[in-house]
Amino acid sequence: MWIVALWGCAGAPPIDSAIPEIRAPCDRDLQVTWDNWAGGFVRTQCQGCHAATAPDRYGAPTTITFDSEAAAIALAEAIRRSVIDDRTMPPAGGITDDELYLLEQWLVCFAE
């Protein structure tokens with residue numbers, strides 16, 4: 001109960017989004033787009049296992065591919081849960097806090 005009351009006083013109002021519980025307000029000055037950041041991140045960090053043409057998917061489900069911006073947006077909630085919340089993807093780790101922040105900004109504020 002206290003957490004809800006404190007949260008309500010401490011920050012900006014929640015952002016209306018398909019992905020609930022944004023931890024940081026949208027920073028519109030960043031302009032995190034697929035073309036200037038998210039596409040490169042997905043190619044580097046995800047497509048080794050999650051591309052339709054990946055030579056070895058290392059057990060990644062064939063139904064989860066990030067071959068396009070639209071495919072990534074369609075799976076935005078799963079990306080956020082796996083990469084940001086649970087930190088189970090990528091399995092070898094290596095995602096910096098700055099990348100996590102930018103990914104969350106793209107998923108919640110700019111992925112359209």
Side-chain angles (χ1 to χ4, degrees):
M1 185 86 162
W2 282 100
I3 293 171
V4 173
L6 290 174
W7 181 80
C9 297
I15 304 299
D16 183 21
S17 170
I19 304 171
E21 299 177 20
I22 185 169
R23 288 181 289 278
C26 289
D27 184 346
R28 295 289 175 185
D29 291 336
L30 285 177
Q31 293 298 313
V32 182
T33 69
W34 179 262
D35 293 331
N36 74 10
W37 186 81
F41 176 85
V42 168
R43 278 188 297 282
T44 302
Q45 299 294 344
C46 310
Q47 286 185 344
C49 301
H50 292 287
T53 58
D56 185 349
R57 294 179 61 90
Y58 301 98
T62 57
T63 57
I64 299 178
T65 59
F66 305 117
D67 293 331
S68 67
E69 179 179 14
I73 290 170
L75 293 165
E77 188 173 337
I79 293 170
R80 180 165 184 203
R81 184 176 51 255
S82 298
V83 178
I84 297 171
D85 295 339
D86 299 341
R87 298 202 183 181
T88 56
M89 289 289 145
I95 307 294
T96 67
D97 287 342
D98 287 343
E99 290 172 319
L100 291 171
Y101 180 78
L102 290 171
L103 179 61
E104 183 172 45
Q105 288 289 307
W106 179 70
L107 290 170
V108 177
C109 307
F110 296 98
E112 301 178 301

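Just so you know, these numbers use all the heavy atoms, side chains as well, and skip hydrogens, waters and symmetry mates.
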| message | I'd like to know if the side chain of Arg87 and the backbone of Gly93 have a donor-acceptor N/O pair within less than 3.5 Å. | response | no
| query | Short question: side chain of Gln45, backbone of Pro90 - any donor-acceptor pair under 3.5 Å? | reply | no
| message | Any non-hydrogen side-chain atom of Glu69 less than 4.5 Å from a side-chain atom of Thr33? | response | no
| Could Arg43 and Phe66 be counted as a cation-pi pair, given that NZ or CZ must be under 6.0 Å from the ring centre and within 45° of the axis? | no
| message | If I compare all heavy atoms of Ile64 with all of His50, which pair ends up nearest, and what's the gap? | response | O-ND1, 3.0 Å
| query | Taking all atoms of both residues into account, what is the closest heavy-atom pair of Ile73 and Ala111, and its distance? | reply | CG1-CB, 3.7 Å
| Minimum-distance pair of heavy atoms, taken over all atoms of Cys49 and Ala60 | O-CB, 3.6 Å
| Atom of Gly48, atom of Ala54 and distance for their closest heavy-atom approach | O-CB, 3.5 Å
| query | Quick one: does Asn36's side chain have a donor or acceptor within less than 3.5 Å of a partner on Gln31's backbone? | reply | yes
| Taking all non-hydrogen atoms of both residues, which atom of Asp27 and which atom of Tyr101 are closest, and how far apart? | CB-OH, 3.9 Å
| Is there side-chain contact between Leu107 and Ile84, with heavy atoms separated by less than 4.5 Å? | yes
| said: When you measure from the side chain of Gln47 to the backbone of Ala52, do you find a donor-acceptor pair of N or O atoms at a distance under 3.5 Å? | reply: no
| request: Identify the two heavy atoms, one from Val108 and one from Arg80, that lie closest to each other, and give their separation to 0.1 Å. | output: CG2-NH1, 4.0 Å
| Applying the side-chain contact (heavy atoms from CB on, under 4.5 Å) test to Trp37, which of Leu30, Val42, Leu102 qualifies? | Leu102
| request: Please examine the side chains of Trp34 and Trp106, heavy atoms only from C-beta on, and report whether any two atoms are closer than 4.5 Å. | output: yes
| note | Separation between SG (Cys46) and CG (Leu75), nearest 0.5 Å, reads 10.5 Å
